[in-house]
Each structure stands twice: as structure tokens, then as C-alpha cells.
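For reference, the structure discussed in these notes is given below.
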Amino acid sequence: SGNTLISASRSAYYLKIWNLSYDRQHTTVTPFHNRSTITGLTREDNSVCFPKTGESNKVVIWNAEEGVALGSLGLDTELCCLAVAQRRKALICGLASGCLAVFCTRTLRELERRPPPGPCGAVRCAALSSGEERLATAGGSGVVSVYALGLAEAGPLLGELLLTVASPPGSVASSVAVLSDCSLLLGTDTGKLLLHGARCSTPTVLEPHDSRITCLETSHNELYVFSGCHGPVQRLWNLSRRHWQHEMTYKGAFFEGVVCAAFSQDDRHIYTGSQDRSIKVWDVQNGSLLAVQYVYAEVTRILPTPDGMVASTRLGYLIQESFTCPPVVDPSYNVLRGIRASCSVRSREGKGSTASRDGGRKTLRVSETCTPHQTTPSRICSLL
């Protein structure tokens, strides 16, 4: 009919399809221009924080609902990582100089700047405890630090330096997670995973991944930790028993690995953004895969909401999803129907020791398919 236009670019991996007869009153929101994976999301007003393209020493605060920039924050060196303290209304920036810069997300005013505790190099990653009482940072030289957090309105947000540990020899910290009792989980670029107890000088060496650990996320009740990597294996760890409860392996037709993850607000589900440009939902209780939705863009950050989650993508859009799942899922339900992929879950039952690879472990095959790649809406568990 002559009303369709398809555009492509050598610098983009996607196509755009335009409907020329579309009602212009229904305009789309202007996307934000962030091609990096450094992204922060605020729950209060759905703002996105990211480094300015071409100027990595500036942070842009973008209103994703209106598609406009609210302002920018100037830094003296390159931005390396971001952490948003939702309850404290603070944005914590890890810099290439090793410093931490703290800004108020409401006023965009710089609150404080903390120099590094020593020659720790650039701040490569940062994580907050679920209650925002602790902040963990990892430097490029292998030094990992844990800080106490105060109330930014009553004084400095960054408090006492509580803990400093070193990465394992031959490895560099790639992801960290911290608990309210100051326990620290450290993932490395070689796949190693260590748990430093709050009152234990010797860390617990957990079962490693085969590739770089890309994300570590704690549940809101701090009973579980999710670990994802560049490979197909992801694990849900029981912190009290110090071993994994479920090992989920997802093999797709193209890319594998997890970019980011978040627990639902009730800790019943895990949302993951994967390298195959999809969002997946997993069951915390049994590790099963509940839903897969292709969004055709790499998801950089996930923030849970009361009925689902909000996710940012490298195409510059926010995705808002609500997730519904019945109390009981039919055993014949196959989430991978119509998707060329396979998924298997291994679950450890009882109090089996991690010293025995087969002790106390039960192997379950959830689903495995090899069908043409296409998405089919689920009638049981759905992302809306």
C-alpha cells in the first residue's frame, strides 16, 4: 500500500519499520542515548542515569516517561560504575580515580566525595545491601571495600570503612554483593566466587563458574544470592547452607549468558536480562523457567516493581512489565514452545555438603526443545 518504510544502518544490529499512515498524535517517547552497560534506575520517577555519550566524565539524568534530560552531573574523571540508593535518594558514582562521588537524585547536588582507602585503582563495580545499610566497591587493583551508609540528609552518606579484602591471585573482581551484616560475595573475571563472612577471616570458596561472573544479586530477605556469568550456567545460592540450591542452564541458538538480574519484591521470582536480548523469569522455589520474552535489545538494568519490573535497554528505552503466574503450574507447561533453546535445572535437596558433587542433589529436566525461533505468548505465565 506504500505506507511502510524499512530503514537500516551499518552501525546498528536492528531494523526499524515505520508506518507512514500512523496517527502522529500518538508519538513515541524520545529514547535516551546510552550505548554503555553503566546504567542506574530510580524507582520514584522512572529516571535513568548513564554516562553521556562521548563525555564519560558526565552523568545524564533522563526522564524516561517524558523523554527529556533533567540535567547532568559533572565529574573530574571517567565514570566506571553506578549504584542508586532508592530509599536515601542518592546516586553513588564509582570513578576511574578510585573516588566515590555521591549526588542527591532530587536536587542533583553533589553531597560528598570519598577518596579511595589506598591504591585500589578505578572503581569497577559497586553494590548496595537490600536495606541500603552497606555499600561494597571493587577496585581495578583487586581491592574490595565495604562501607557503612548513613542518612544523606542528616550528614555524610558514606560512613566507616568496615571491611577490606583482596581478590584471589590471578583474578580481578567483576561483580560484588553485600549483606546487611557485612558479609561479602565476590565474583571474578575467571569465574571464581567467594563468600567472606562478617566474622570470619577465611573466605568460603564456592563452586566456580566456567566464565566471567557478570552479576551477583541478593534477595530482599538476604536468604539467597543469584549468580550469572557469560556462559549458559546460572545459580541460585542458599546463603545459610553456603551452596547452590538450583543450577539453571539455558542454551539458546545464538548468545548465552546473563547481563543483569533482580529478585521480585516478594522474592518469589528472579528476572534476568540475557545476552540473547530476552527477559526471563525464574521460580525461586524450584528453579524452573516460567517465562521468556524477546525484547530485541540488550537489557542493562532491572528494577522490581510491586507487580513486575522495569528494565532499561541499550536502545534507549524503558520496558515496563507486569508478571502473573498461577499458584500451581501444569506439569505439561512448556515455556520454550516455539523457541529454539534448551533449559535444564538441577536442584540440591536436603542438607547435602558441597564437598560431595552428587550428595543430596537431584537432577530435574524442566524443558528442552529445538524448534524454529519464534515467540509464542504463554497462557499460563505471562509478561504483559
> Using a side-chain heavy atom cutoff under 4.5 Å and only I, L, V, M, F, W and Y, what cluster partners does Val165 have?
Replying inline: Val144, Val146, Leu163, Val176, Val178, Leu184, Leu186
>> Tell me every residue that passes side-chain contact (heavy atoms from CB on, under 4.5 Å) with Thr37, counting only those two or more places apart in sequence or in another chain.
In response: Glu298, Arg314
> What heavy-atom pair brings Glu133 and Ser180 nearest, and what distance separates the two atoms?
Replying inline: OE1-CB, 3.4 Å
>> On a heavy-atom basis, which atom in Leu315 and which in Tyr296 lie closest, and how many Å separate them?
In response: CD1-O, 3.9 Å
> Within the distance-only criterion (no hydrogens, no angle test), does the side chain of Glu132 pair as donor or acceptor with the backbone N or O of Gln86 below 3.5 angstrom?
Replying inline: yes
> Are any side-chain N or O atoms of Thr105 and backbone N or O atoms of Lys89, one a donor and one an acceptor, separated by less than 3.5 Å?
Replying inline: yes
>> Taking salt bridge (Lys or Arg N to Asp or Glu O under 4.0 Å) as the cut-off, I'd like each qualifying pair that reaches into residues 65-76, sequence neighbours left out, listed once.
In response: Asp76-Arg113
> Quick one: are Asn34 and Val60 in side-chain contact, heavy atoms under 4.5 Å?
Replying inline: no
>> As an exercise, state the distance from CD1 of Ile270 to CG of Leu289, rounded to the nearest 0.5 Å.
In response: 11.0 Å
> Which pairs count as salt bridge (Lys or Arg N to Asp or Glu O under 4.0 Å) when at least one residue sits in residues 261-273, sequence neighbours excluded?
Replying inline: none
> Do side-chain atoms of Arg242 reach the backbone of Thr204 as a donor and acceptor pair under 3.5 angstrom?
Replying inline: no
> Taking atom OG1 of Thr188 and atom NE2 of His209, what is their separation to the nearest 0.5 Å?
Replying inline: 10.0 Å
> Are Asp276 and Tyr250 close enough that some pair of their side-chain heavy atoms sits under 4.5 Å apart?
Replying inline: yes
> Can you check side-chain contact (heavy atoms from CB on, under 4.5 Å) on Val335 and Val281, steps first, answer last?
Replying inline: CA-CA 10 Å; Val335 66; Val281 185; over 6 Å; no
> Looking at Val143 and Ser145, what are the two nearest heavy atoms and their distance?
Replying inline: CG1-OG, 4.1 Å
> Do Asn286 and Val345 have side-chain heavy atoms sitting under 4.5 Å apart?
Replying inline: no
> If you round to the nearest 0.5 Å, how far is NE2 of His196 from CG of Leu194?
Replying inline: 5.0 Å
> Rounded to the nearest 0.5 Å, how far does CG of Asp283 lie from CE of Met248?
Replying inline: 9.5 Å
> Can Arg114 and Tyr147 be said to form a side-chain contact (heavy atoms from CB on, under 4.5 Å), step by step?
Replying inline: CA-CA 11 Å; Arg114 174 69 68 88; Tyr147 298 88; 3.5 Å; yes
>> Taking Phe32 as the starting point, is it possible to reach Val68 by hopping between hydrophobic residues whose side chains are less than 4.5 Å apart?
In response: no
> Any chain of hydrophobic side-chain contacts (each under 4.5 Å) joining Trp282 to Phe263?
Replying inline: yes
Show me the side-chain donor-acceptor pairs of residues 302-310 shorter than 3.5 Å, one per line, residues at least two apart or across chains.
unit_1: Thr305; atom_1: OG1; unit_2: Asp307; atom_2: OD1; d: 3.4
unit_1: Thr305; atom_1: OG1; unit_2: Gly308; atom_2: N; d: 3.1
unit_1: Thr305; atom_1: OG1; unit_2: Gly308; atom_2: O; d: 3.2
unit_1: Thr305; atom_1: OG1; unit_2: Met309; atom_2: N; d: 3.1

>> Connecting only ILVMFWY residues whose side-chain heavy atoms lie within less than 4.5 Å of each other, what is the rest of Leu82's hydrophobic cluster?
In response: Ile38, Val59, Ile61, Leu70, Leu73, Leu75, Leu79, Val84, Leu91, Leu95, Phe103, Leu108
> Who pairs with Ala148 by side-chain contact (heavy atoms from CB on, under 4.5 Å), at least two apart in sequence or on another chain?
Replying inline: Arg134, Leu162
> Hey, mind stepping through Glu207 and Glu247 against side-chain contact (heavy atoms from CB on, under 4.5 Å) and telling me if it holds?
Replying inline: CA-CA 11 Å; Glu207 186 173 341; Glu247 182 182 77; 4.2 Å; yes
> Are Val299 and Leu41 connected in the hydrophobic side-chain network, where two residues link if heavy atoms are under 4.5 Å apart?
Replying inline: no
> In chain order, what residues pass the ring pair (Phe, Tyr, Trp, His ring centres under 6.0 Å) check against Phe226, with sequence neighbours excluded?
Replying inline: none
> Among all residues two or more places apart in sequence or in another chain, which pass the side-chain contact (heavy atoms from CB on, under 4.5 Å) test with Asp181?
Replying inline: Leu179, Ser183, Ala198
> Taking the side chain from Ser278 and the backbone from Val292, do they hold a donor-acceptor pair closer than 3.5 Å?
Replying inline: no
> Has the side chain of Tyr333 got a donor or acceptor atom that lies under 3.5 Å from a matching backbone atom of Leu290?
Replying inline: yes
>> Whether the Ser130 and Glu222 side chains hold a donor-acceptor pair (N or O, under 3.5 Å, no angle test) is what I'd like checked.
In response: yes
> Do side-chain atoms of Thr214 reach the backbone of His230 as a donor and acceptor pair under 3.5 angstrom?
Replying inline: no
>> For a quick test of reading the model, state the closest non-hydrogen atom pair linking His246 to Ser347 and the distance between them.
In response: ND1-OG, 2.7 Å
>> Quick one, Ile92 with Arg88, criterion side-chain contact (heavy atoms from CB on, under 4.5 Å). Give me CA distance, side-chain angles, the key distance, then yes/no.
In response: CA-CA 11 Å; Ile92 304 171; Arg88 302 171 189 268; over 6 Å; no
> Got a sec, which residues hit ring pair (Phe, Tyr, Trp, His ring centres under 6.0 Å) with His269, two or more places apart in sequence or on another chain?
Replying inline: Phe323
> Under 3.5 Å, side chain of Arg235 to main-chain N/O of His243, donor-acceptor pair present?
Replying inline: no
> Considering all heavy atoms of both residues, which atom of Cys229 and which atom of Ser211 are nearest to each other, and what is their separation?
Replying inline: SG-OG, 3.5 Å
> Among pairs that include at least one residue of residues 50-63, which meet salt bridge (Lys or Arg N to Asp or Glu O under 4.0 Å), considering only residues two or more places apart or in two chains?
Replying inline: Lys52-Glu55, Glu55-Lys58
> Does Trp62 reach the side chain of Thr30, with side-chain heavy atoms less than 4.5 Å apart?
Replying inline: yes
> Please, which pairs that meet side chain to side chain donor-acceptor pair (under 3.5 Å) have at least one residue in residues 161-178, sequence neighbours excluded?
Replying inline: Ser171-Thr190
>> Is there a continuous path of hydrophobic side-chain contacts, each under 4.5 Å between heavy atoms, that joins Leu111 to Val123?
In response: yes
> Is a side-chain N or O of Glu112 found less than 3.5 angstrom from the main chain of Leu158, in a donor-acceptor match?
Replying inline: yes
> How far apart are the closest heavy atoms of Ser56 and Glu78, and which atoms are they?
Replying inline: OG-CG, 3.4 Å
> Going by heavy atoms in the side chains, are Cys215 and Ser227 under 4.5 Å from each other?
Replying inline: no
>> Hydrogens and angles aside, do Gln234 and Thr272 bring a side-chain donor and acceptor to less than 3.5 Å of each other?
In response: no
> Val259 and Leu236: same hydrophobic cluster, using ILVMFWY side-chain contacts below 4.5 Å?
Replying inline: no
>> Before you tell me yes or no, could you show the steps for Ser312 and Thr300 under side chain to side chain donor-acceptor pair (under 3.5 Å), namely the whole-Å CA-CA distance, both residues' side-chain angles and the distance that decides it to 0.1 Å?
In response: CA-CA 6 Å; Ser312 59; Thr300 57; 2.7 Å; yes
> Taking C-beta and beyond as the side chain, do Leu135 and Leu157 meet within less than 4.5 Å on heavy atoms?
Replying inline: no
> Going by heavy atoms in the side chains, are Leu193 and Trp237 under 4.5 Å from each other?
Replying inline: yes
> Donor-acceptor pair, Asp189 side chain versus Val172 backbone, under 3.5 Å?
Replying inline: yes
